[in-house]
Amino acid sequence: NRSSDLPASVNCSCGKDSSCIAAQGPVTKCIMSGPVTPPPPQTCADAIMGCGNNATCGSIVLSYLSACNKVFYSGAACTNDCKNRLDEAIDALPALKECICAGNATCIEAQTNIQKACFGLTPAPRPTCDSITLPCSQKPQCYSILQDYINSCDRVFRSGNVNDCTQSCLDNLKSLTLMMPTYEKCTCSQGDATCSMYQKNIQKGCFGVDMTMPSPTTARPTSQRPTPQRSTPSSKAAKVTAVALVSFFVAVFCFLF
């Protein structure tokens with residue numbers, strides 16, 4: 001019973017004022033229902049896969065991916081068609097607004113280009129990986145996930161070979177970025193050659209992204225991290241999912257907005 005917590009403006013009597021009565025009911029119901037718990041974070045791959053299982057949603061997102069293709073890859077201007085398709089896609093699949101790229105540098109670049117071209121947003125400065133992983137190491141659950149990620153991705157960290165990027169590595173990277181979304185875009189501290197090597201190799205081995213090559217736009221997003229790196233499980237489902245993961249950017253797309 002939260003009636004005692006209601007503000008006077010809601011707990012008062014409206015008398016015969018019909019406008020007051022009409023407004024008071026919904027407001028009281030909203031306050032009594034308590035705060036709304038936001039949905040848990042979701043990877044872009046999972047969001048698109050789920051959408052691909054619905055013909056209507058899949059068609060809308062596919063149209064969006066097609067209309068905004070040049071923005072994703074080259075940082076081209078956001079056309080009215082792209083912006084309209086983007087709005088429609090977010091309405092059909094709200095998870096697109098905040099989904100996690102889970103380590104895919106191409107996904108992050110596409111997201112950055114959409115933010116800048118369609119919303120005029122400047123990406124916030126990226127934190128260093130050390131500033132994220134050090135606090136994580138002091139929390140048992142976070143530290144356990146971080147260690148699982150480091151151990152399962154050890155071979156691809158060192159080799160950059162696609163055969164060394166295991167599903168276990170991808171799964172643990174996904175878990176890590178879902179727990180620590182800021183890890184998604186952390187950068188290696190200056191002079192941290194090991195971090196830079198790991199970041200470069202996991203992009204190459206797990207996503208086919210060569211971080212030594214210049215980006216088709218300005219600079220490829222640095223999804224670097226101190227010891228670990230993130231990745232995204234590449235998955236195929238319906239037609240839209242396949243196109244999203246391949247045409248959108250080699251593994252998963254989105255995190256637009």
Are the side chains of Asn161 and Asp164 in contact, using a 4.5 Å heavy-atom criterion? yes
Just verifying a value: how many Å separate Ile150 CD1 and Ile145 CD1, rounded to the nearest 0.5 Å? 12.0 Å
Would you mind reporting whether Ile202 and Cys169 have side-chain heavy atoms less than 4.5 Å apart? yes
Is there side-chain contact between Lys116 and Asn113, with heavy atoms separated by less than 4.5 Å? no
Strictly under 2.5 Å separating the two SG atoms? Check that for Cys195 and Cys188, please. yes
Is the shortest heavy-atom distance from the side chain of Val156 to the side chain of Cys206 under 4.5 Å? yes
Taking the two cysteines Cys68 and Cys118, decide whether their SG atoms are closer than 2.5 angstrom. no
Check the pair Gln115, Gln111 against side chain to side chain donor-acceptor pair (under 3.5 Å), reporting the backbone distance first and the verdict last. CA-CA 6 Å; Gln115 287 181 334; Gln111 164 252 317; 2.8 Å; yes
Taking the side chain as everything from C-beta on, heavy atoms only, tell me whether Ile90 gets closer than 4.5 Å to Tyr64. no
Does Gln141 reach the side chain of Met179, with side-chain heavy atoms less than 4.5 Å apart? yes
I'd like to know if Cys44 pairs up with Cys101 as a disulfide, counting it only when the SG to SG distance is below 2.5 Å. no
Chi angles and distances behind the side chain to side chain donor-acceptor pair (under 3.5 Å) call for Ser59, Thr56: CA-CA 5 Å; Ser59 176; Thr56 300; over 6 Å; no
In the structure I gave you, are the side-chain heavy atoms of Asp148 and Ser144 within less than 4.5 Å of one another anywhere? yes
Side chain proximity check, Thr106 to Phe72, heavy atoms < 4.5 angstrom: no
Looking at Cys142 and Cys136, are the sulfur gammas closer than 2.5 Å to each other? yes
Strictly below 4.0 Å, N to O, side chains only: are Lys200 and Asp210 in salt-bridge contact? no
Single-linkage hydrophobic cluster Tyr198~Leu134, side-chain heavy atoms < 4.5 angstrom: no
CG of Asn172 to CG of Leu176: how many Å apart, nearest 0.5 Å? 8.5 Å
